[in-house]
Amino acid sequence: MKNFTYYRPTTVEQAVSLLGKEWGKAEMLAGGTDLLDLQKEYVARPDAVVSLGSLGSLGGIHVGEKQPPVITIGAGTKLSEIAADATLKQYCSALTTAAGEVGGPQIRNMGTLGGNLCQRNRCWYFRDEKVVCLLKGSDKCYALDGENRYHAVFTKGHKCVIVNPSTLAPALIALGATAEIQGPAGKKRTVKLADFFQAPASATEREHVLAPNEILLSVKIEAQAGGKSASYEVRQKQSYDWPLVQAAVAFTLKGDQVSGVKIVLGHVAPTPVVASDAASKIEGKAITEETAQAAGEAAALGANPLSQNAYKVKLIAVAVKRALLTAAGAKKYWEV
Ligand SMILES: Cc1cc2nc3c(=O)[nH]c(=O)nc-3n(C[C@H](O)[C@H](O)[C@H](O)COP(=O)(O)OP(=O)(O)OC[C@H]3O[C@@H](n4cnc5c(N)ncnc54)[C@H](O)[C@@H]3O)c2cc1C
Ligand code: SF4
């Protein structure tokens with residue numbers, strides 16, 4: 001690991017002032033489950049590491065008084081706390097399921113919401129110190145005609161074919177969450193989680209839209225009366241790995257009819273994919289094996305897989321169908 005100066009600020013303003021205007025020179029440290037890996041692999045070589053661990057304001061889950069409540073989750077909240085929270089389980093089960101399936105207990109006890117949303121991608125070329133691809137300053141993507149079985153299947157228009165690695169992201173987007181961000185001079189801005197991610201194409205871009213000197217403070221969800229949600233991950237193994245494909249869904253149920261349907265796919269593109277056409281297929285209908293299957297098939301339309309990952313296209317339909325049936329309480333495929 002390259003030597004660095006370690007800072008432990010006690011206010012967000014101090015933390016922001018220690019961050020630079022360029023990516024890579026200073027890095028924020030939350031639980032460290034991703035950053036330390038990257039440093040040990042010489043993929044991240046910051047001169048300064050700015051710990052967020054003493055910023056008390058970043059932690060905790062706050063439930064507002066209104067019914068149904070507005071729930072604010074601090075960026076420093078551990079994934080294990082999110083997975084176990086009773087109010088989130090009641091109103092946002094897509095999120096608690098996704099948080100409960102991340103890695104293993106050690107990762108969930110150290111990893112934070114902010115770190116999960118801002119973690120770097122898992123492309124094995126990117127993670128190899130010796131490979132200088134597009135995201136490290138060259139003009140070549142090695143995955144395009146290389147080992148790409150875990151890469152994107154929605155690839156049109158993307159020079160870099162990573163998949164966004166966060167499984168909390170599709171759940172939060174389906175739940176209509178917003179992110180609060182703070183930058184220099186105390187300036188705050190709010191961004192919809194649906195607009196928080198971007199497809200990076202160079203070393204000067206990250207997988208999200210934060211500037212190098214902006215900190216994610218918290219994420220807010222307005223719970224919905226009658227709101228139902230679920231996240232379903234197709235995985236090679238039950239723990240300690242990322243899913244192959246994920247679907248997160250949310251909707252309101254009145255009688256047996258659904259409205260306000262959101263379907264969001266994870267691990268199929270450089271950003272989470274909002275499958276609006278698939279959602280409109282099921283809007284106003286009852287969720288049955290048939291309607292859920294049709295929505296799943298619609299969600300997979302437009303996929304343009306690489307040489308080794310066409311198998312993921314079929315998994316999209318499976319994940320969407322199972323997430324919809326789970327959220328509607330019609331069938332339980334998975335329980336954490
Ligand atoms: C074996 C294994 C399996 C995993 N499986 C999954 C999985 O299935 N699904 C999944 O989603 N993830 C998975 N992960 C990733 C894991 O969720 C992340 O490593 C973790 O959430 C990162 O959180 P952290 O607090 O440790 O972040 P850190 O490692 O401290 O930081 C990660 C990045 O986020 C930035 N950052 C942190 N906090 C903020 C903030 N408040 N504002 C701005 N930037 C910030 C840091 O600067 C850094 O770039 C897995 C990890 C491992 C090791
Ligand atoms: S997919 Fe992206 S990170 Fe991976 S080799 Fe290609 S450019 Fe690099």
Side-chain angles (χ1 to χ4, degrees), residues 12 15-16 19 23-24 26-39 43-44 46 49-53 55 58 74-79 82 98-104 106-128 131-148 150-152 155 158-171 179-182 199-203 206-208 210-219 231 233 235 237 239-244 246 266-267 270 306:
V12 173
V16 168
L19 300 167
W23 284 118
E27 296 285 354
M28 282 170 259
L29 174 72
T33 58
D34 189 32
L35 181 64
L36 294 184
D37 257 14
L38 290 164
Q39 286 184 269
V43 176
V49 170
V50 180
S51 169
L52 305 180
L55 309 183
L58 290 197
T77 310
K78 304 285 185 198
L79 302 179
I82 295 174
E101 289 179 7
V102 167
Q106 296 97 328
I107 305 293
R108 296 195 290 272
N109 285 332
M110 284 307 293
T112 62
L113 172 64
N116 182 275
L117 297 176
C118 299
Q119 61 178 297
R120 301 302 320 260
N121 74 81
R122 305 302 304 185
C123 171
W124 36 37
Y125 296 109
F126 177 77
R127 294 258 161 183
D128 186 328
V131 179
V132 183
C133 71
L134 207 62
L135 292 200
K136 294 196 213 152
S138 84
D139 58 0
K140 185 164 168 62
C141 170
Y142 291 90
L144 275 177
D145 52 5
E147 291 291 337
N148 53 35
Y150 301 128
H151 287 74
T155 54
H158 294 305
K159 290 183 183 165
C160 160
V161 288
I162 53 165
V163 293
N164 184 282
S166 169
T167 46
L168 270 62
E180 192 173 33
I181 296 162
Q182 184 164 332
S202 74
R206 292 259 159 126
E207 291 80 353
H208 51 72
L210 293 183
N213 54 3
E214 283 185 317
I215 296 182
L216 174 67
L217 301 178
S218 61
V219 165
S231 167
E233 299 176 5
R235 291 174 163 272
K237 46 189 180 181
S239 71
Y240 238 74
D241 213 344
W242 283 257
L244 300 168
Q246 173 195 12
H267 304 268
L306 301 166

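All ligand and atom numbering here is 1-based and tracks the order in the structure.
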- request: Look at ligand 1 and say whether E233 reaches it with a heavy atom at a distance under 4.0 Å.
  value: no
task: Decide whether the shortest distance between a heavy atom of P243 and an atom of ligand 1 is less than 4.0 Å.
output: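 The answer is yes: ligand 1 sits under 4.0 Å from a heavy atom of P243.
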Distance, nearest 0.5 Å, that separates CD of Q119 from CG of L35: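 One gets 12.0 Å once the value is rounded to the nearest 0.5 Å.
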- prompt: Looking at OG of S218 and CG of L58, how far apart are the two atoms once the value is rounded to the nearest 0.5 Å?
  reply: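 So the gap between those two atoms works out to 8.5 Å.
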Does the N or O separation between [X] and ligand 1 drop below 3.5 Å for any pair?
| X | result |
| --- | --- |
| Q119 | yes |
| Y240 | no |
| A30 | yes |
| T167 | yes |
| M28 | yes |
| D241 | yes |
| L210 | no |

Where is the nearest protein heavy atom to [atom]: which residue, which atom, and how far?
| atom | value |
| --- | --- |
| atom 28 (P) of ligand 1 | G32 N, 3.5 Å |
| atom 2 (Fe) of ligand 2 | C160 SG, 2.4 Å |
| atom 7 (S) of ligand 2 | L134 CB, 3.4 Å |
| atom 1 (S) of ligand 2 | V161 N, 3.4 Å |
| atom 4 (Fe) of ligand 2 | C123 SG, 2.3 Å |
| atom 6 (Fe) of ligand 2 | C141 SG, 2.4 Å |
| atom 39 (C) of ligand 1 | L52 CD1, 3.7 Å |
| atom 33 (C) of ligand 1 | C118 O, 3.6 Å |
| atom 50 (C) of ligand 1 | W242 CZ2, 3.0 Å |
| atom 18 (C) of ligand 1 | T33 OG1, 3.5 Å |
| atom 31 (O) of ligand 1 | G115 CA, 4.1 Å |
| atom 41 (N) of ligand 1 | L216 O, 3.0 Å |
| atom 17 (O) of ligand 1 | N116 ND2, 3.1 Å |

Closest heavy-atom pair and its distance - [X], [Y]:
| X | Y | value |
| --- | --- | --- |
| G100 | R108 | O-NH1, 3.2 Å |
| A98 | T167 | CB-O, 3.4 Å |
| K136 | V131 | NZ-O, 2.6 Å |
| S138 | V132 | OG-O, 2.8 Å |
| P270 | A152 | CD-CB, 4.1 Å |
| I162 | C123 | CG2-CB, 3.9 Å |

Is any side-chain heavy atom of [X] closer than 4.5 Å to a side-chain heavy atom of [Y]?
| X | Y | result |
| --- | --- | --- |
| Q246 | S231 | yes |
| C141 | K159 | no |
| E101 | R235 | yes |
| L168 | V219 | no |
| K140 | D145 | yes |
| V43 | D37 | no |

May I ask you to decide if [Y]'s main-chain N or O and [X]'s side chain share a donor-acceptor pair within less than 3.5 Å?
| X | Y | result |
| --- | --- | --- |
| R122 | Y150 | no |
| N148 | A143 | yes |
| D34 | R120 | yes |

Interfacing atoms of ligand 1 (cut-off 4.0 Å, heavy-atom, [X]):
| X | value |
| --- | --- |
| L79 | 17 (O), 21 (O) |
| R235 | 8 (O) |
| A75 | 41 (N) |
| S166 | 11 (O) |

- prompt: Is it the case that E207 and N121 place a side-chain donor and acceptor less than 3.5 Å from each other?
  reply: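 A donor-acceptor contact under 3.5 Å links the two side chains.
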Under a 4.0 angstrom heavy-atom cut-off, which atoms of ligand 2 come close to [X]?
| X | answer |
| --- | --- |
| F126 | 3 (S) |
| Y142 | 5 (S), 6 (Fe) |
| I162 | 1 (S), 2 (Fe), 3 (S) |

- prompt: With under 30° as parallel and over 60° as perpendicular, where do the rings of H208 and W23 fit, or are they tilted in between?
  reply: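 Plane angle over 60°, so perpendicular.
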message: Once you restrict to heavy atoms under 4.0 Å, what part of A44 touches ligand 1? Side chain, backbone, both or neither.
response: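 Answer for A44: neither.
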task: Tell me, please, if C133 has any N/O/S atom, main chain or side chain, under 2.8 Å from atom 6 (Fe) of ligand 2?
output: no
message: Heavy atoms only: which of L36, I107, T112 lies closest to atom 25 (O) of ligand 1?
response: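 Considering heavy atoms of L36, I107, T112, the nearest to atom 25 (O) of ligand 1 sits in T112.
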- request: Give the single entry among G103, G31, A26, A171 that approaches atom 24 (P) of ligand 1 most closely by any heavy atom.
  value: G31
